[in-house]
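Structure record follows, encoded as structure tokens.
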Amino acid sequence: MAWVEAPAGRYAIMSDKQSNCQIEAQISYRDLIAHKPVGEWSKMAPLRILSFDIECAGRKGIFPEANHDSVIQIANVVTKYGDKKPFVRNVFCLDTTSPIVATQILSFDKEEKMLSSWRDFLEKVDPDIITGYNIANFDFPYLLDRAKHLKVHGFEYWSRTHVKSVAKETNFSSKQMGNRDTKATNTNGRLQLDLLQLIQRDHQLRSYTLNSVCSHFLGEQKEDVHHSMITELFEGTPESRRRLALYCLKDAYLPQRLMDKLSCLENYTEMARVTGVPFNFLLARGQQVKFLSQLCRKALEQKLVIPNVRPESSEEQYEGATVIEPTRGYYDVPIATLDFASLYPSIIQAHNLCYTTLIKKKDIEKWNLKKDEDYVVTPNGDMFVTTKQRKGLLAQILEELLSARKQAKRELAAETDPFKKAVLNGRQLALKISANSVYGLTGATNGKLPCLEIASSTTSYGRQMIEKTKQEVEKRYCIANGYTHDAQVIYGDTDSVMVKFGTKDLAEAMKLGEDASQFVSSKFVKPIKLEFEKVYFPYLLINKKRYAGLYWTKPEKYDKMDTKGIETVRRDNCLLVQTVIEKVLRMILIDQDVPGAQEYVHHTIPSCPLANHSQIRQGHHRGPPAKQD
DNA sequence: GGCGTCGAGCAT
DNA sequence: GATCATGCTCGACGCC
């Protein structure tokens, strides 16, 4: 893969018509990620946000089909950005409907008239952003199909240009998120934010119905009308249709509330700005375009050409991270946790790993390069030139992303205005995600720009580092060196080590942890840094990637109970399993009441025999699987 | 009942 | 036509 200088004065950036990756030449990369006054958001005050929901009169037991089942109600809520309350609340209803307080009811006798009048409403409100729940896969296509079936003239003009809106079937598939068949409707000039898509991307929940999502984030349930009731209510009286309209209205309002609560608009806008991709890509596309877009900008700045090649897809796998063999058991002494901060990004920076710095053996002879001075050999055997020769694009991108993040975090800490805080937090988050995805993309063998040399060198450095950390800590903190106990690394995964210093005193364990992090950090190239984060006490280490413990950051009181990989955090069990194990862990860790925990399990699941105490200490405390509804 | 394989879901 | 990574545990399932 050749990276060459572009012809003087001309930018030859990889052109990719499909992914619209072409970058406008006048915007510099630095401008995009660098600090921008948050005050610019005040200009967004006039932004109008439409949140809507439709109801259909489905036949019994059949999912509504646009060719058969009519649209009976469309509820709309329009809010100005920054306002607490909407300034428009209305419901377009088929047939007469009793009034609802503070809400405009528009009754129609014909479905065609209702649809075309809703479109006029859309044009009049002229929203900048359209949101709702599952609008991309249901409401938009359904409305379009229905209008087509009823031959409503001019219904499909929803955009701000003279372009018709069309629902297209797209297939979104990625290894990360699995295969998803989605539909996409264009509304040129108006952004779409489907809350279902957003929440499925950003949050892992047991259920994604609007009802359960709202109870999770807003702490309230929507008024649930079973779908079989919808037709029944519609065919009843004005009063029953009013009940349906209320339900529909609430479904329209809740996405707006979720959007505010989760700062979706702020977070996504900042992500679009940092990565330089269109807003709609954030929900419709994957991680790769964001990275490519950033890389294009950086390359453009330096007049570099990114080769437009399609590497043959290979099933090659490379070695990943080390997981230190756990010393399983229950620990009632403090366990200090040391973490490398942004491990992979910092490795890429420290060793200048990049597409533009990768060299081969023949290059070394050709240019007469000197080892360690001009180039380094990674533990994996690949070779990269040092910053003395050329600083890699990836290192520069990461450096800028991470320093921009530090800046955003500083401002966040000083800011008091909740709106500006939300923006800054979104920016900080976007910068972090961007930095962390760089490594993954170099290893994506079926992607656009894989580079296994970078990926496997990164992990090989990581493996070396965690091993060295373990050795250094155990070598230094021992009785022979005047410490009271021999320290022992009992577990570690990728970028972290759990250390048993042996002391029973929390404050002392924290001091040792802090000391160790500084000591080990000094042994590595900048900006690699080992940080002391927390102490677990007590700590239950069940297996690799499965543990629980009380999480302390100050010696006075624990912050929380932390659980990793155990059934309490997994979504593939019934709730009973989750709650029972959660309660048992609480009894063991917080109350330190093991017999009580046994008693509780036995009481809940009588078939579970009472285990003896020694078994629990070995971590075999779980009874037979309790699978039932 | 032990053994291998596969997929889900998590940790990092 | 597009899709960030690997490591690990555990339950389900088929097989003998």
Side-chain angles (χ1 to χ4, degrees), chain A residues 16-21 168-182 184 201 204-206 275 281 284-295 310-311 313 315-326 328 337-348 394 432-452 454-460 462-463 465-466 491-498 533 541-548 562-574 577-578 581 619 622 624-627:
Chain A
D16 181 348
K17 289 190 195 88
Q18 275 74 40
S19 64
N20 280 332
C21 248
K168 263 191 261 173
E169 299 247 354
T170 59
N171 186 336
F172 185 89
S173 80
S174 83
K175 263 189 193 163
Q176 193 180 45
M177 306 223 239
N179 290 357
R180 244 171 233 171
D181 281 323
T182 56
R201 258 187 193 241
Q204 302 206 298
L205 303 177
R206 276 180 166 261
T275 56
F281 278 25
R285 304 280 298 271
Q287 203 71 44
Q288 201 160 173
V289 276
K290 294 193 267 184
F291 167 69
L292 266 184
S293 161
Q294 291 182 83
L295 198 66
R310 205 172 54 79
S313 57
E315 291 292 296
E316 258 185 283
Q317 269 221 330
Y318 61 93
E319 196 179 340
T322 308
V323 183
I324 295 177
E325 189 61 35
R328 297 168 185 81
T337 310
L338 309 177
D339 282 58
F340 283 105
S342 307
L343 177 70
Y344 288 168
S346 68
I347 288 176
I348 293 174
L394 293 184
K432 179 186 168 186
I433 296 170
S434 290
N436 283 338
S437 62
V438 169
Y439 151 74
L441 288 153
T442 60
T445 42
N446 38 7
K448 185 90 188 162
L449 216 58
C451 182
L452 287 192
I454 297 176
S456 54
S457 293
T458 307
T459 55
S460 68
R463 290 194 298 274
M465 284 162 62
I466 195 171
Y491 180 55
D493 187 346
T494 311
D495 62 353
S496 65
V497 287
M498 315 288 192
E533 197 183 26
L541 181 52
I542 299 174
N543 213 336
K544 284 183 176 177
K545 298 177 195 286
R546 288 165 69 85
Y547 61 80
D562 205 17
T563 320
K564 292 287 161 73
I566 305 176
E567 279 73 2
T568 50
V569 295
R570 295 177 67 91
R571 298 169 296 163
D572 54 356
N573 285 90
C574 64
V577 172
Q578 187 177 335
I581 293 183
R622 291 183 309 121
K627 288 267 177 169

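None of these values were measured; they are calculated from a predicted model. Reminder, nothing fancy here: chain letters follow the sequence lines and each chain counts from 1. Reckoned from all heavy atoms, side chains included, excluding hydrogens, waters and symmetry mates.
To the nearest angstrom, P of C:dT3 lies 13 Å from CG of A:L449. Per the geometry, CD1 belonging to A:I324 stands 12 Å off P belonging to C:dC8, to the nearest Å. Between the P atom of C:dA2 and the CD atom of A:E169 lies a distance of 17 Å, rounded to the nearest Å. Per the geometry, CG belonging to A:L441 stands 13 Å off C1' belonging to C:dA2, to the nearest Å. The interatomic distance linking A:E567 (CD) with C:dC10 (P) rounds to 8 Å, in whole Å. Going from atom CD1 of A:I433 over to atom C1' of C:dA5 covers 16 Å, rounded to whole Å. In this structure, A:K544 atom NZ and C:dT9 atom P are separated by 6 Å, rounded to whole Å. Across the protein-nucleic acid pair, A:E319 atom CD and C:dA5 atom P stand 18 Å apart, rounded to whole Å.
Looking at heavy-atom distances under 4.0 Å, A:F291 makes no contact with the nucleic acid at all. Using a 4.0 Å heavy-atom cutoff across all strands shown, A:A455 reaches no nucleic acid atom at all. Contact annotation for A:G320: backbone-only contact, meaning every heavy-atom pair under 4.0 Å involves sugar-phosphate atoms and none involves a base.
A:Q578 pairs by the side-chain hydrogen bond (donor to acceptor under 3.5 Å, both in side chains) definition with A:R206, not counting sequence neighbours. With sequence neighbours left out, the ring-ring contact (aromatic ring centres under 6.0 Å, His included) criterion links A:F291 to no other residue. Under the rule for a salt bridge (Lys or Arg N to Asp or Glu O under 4.0 Å), A:E533 has no partner lying at least two apart in sequence or in another chain. Taking A:K432 as the reference, nothing meets the salt bridge (Lys or Arg N to Asp or Glu O under 4.0 Å) condition, with sequence neighbours excluded. Judged as a salt bridge (Lys or Arg N to Asp or Glu O under 4.0 Å), and not counting sequence neighbours, the contacts of A:E325 are A:R328, A:K544.
The phosphate of C:dC10 has OP1 or OP2 within less than 4.0 Å of a side-chain N or O from A:N543. Considering only side-chain N and O atoms, A:Q317 lies under 4.0 angstrom from the phosphate OP1 or OP2 of C:dT6.
Taking the side chain of A:V323 as heavy atoms from C-beta on, and the options C:dA5, C:dG7, C:dT3, the nearest nucleotide is C:dG7. Minimum atom distance to the side chain of A:A444 is reached by C:dA5, of the listed C:dA5, C:dC8, C:dT3.
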Footprint string (nucleotides 7-12 of chain B, 5' to 3'): B base within contact, S backbone only, - free, heavy atoms under 4.0 Å:
-BBSBS

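Judged purely by atom type and a 3.5 angstrom limit, A:T568 has no side-chain atom pairing as donor or acceptor with the backbone of A:I581.
In this structure, OG1 on A:T442 lies 8.0 Å from CG on A:L452, to the nearest 0.5 angstrom.
Both A:Y439 and A:T322 sit near DNA chain C, but only A:Y439 has its closest nucleotide nearer the 5' end.
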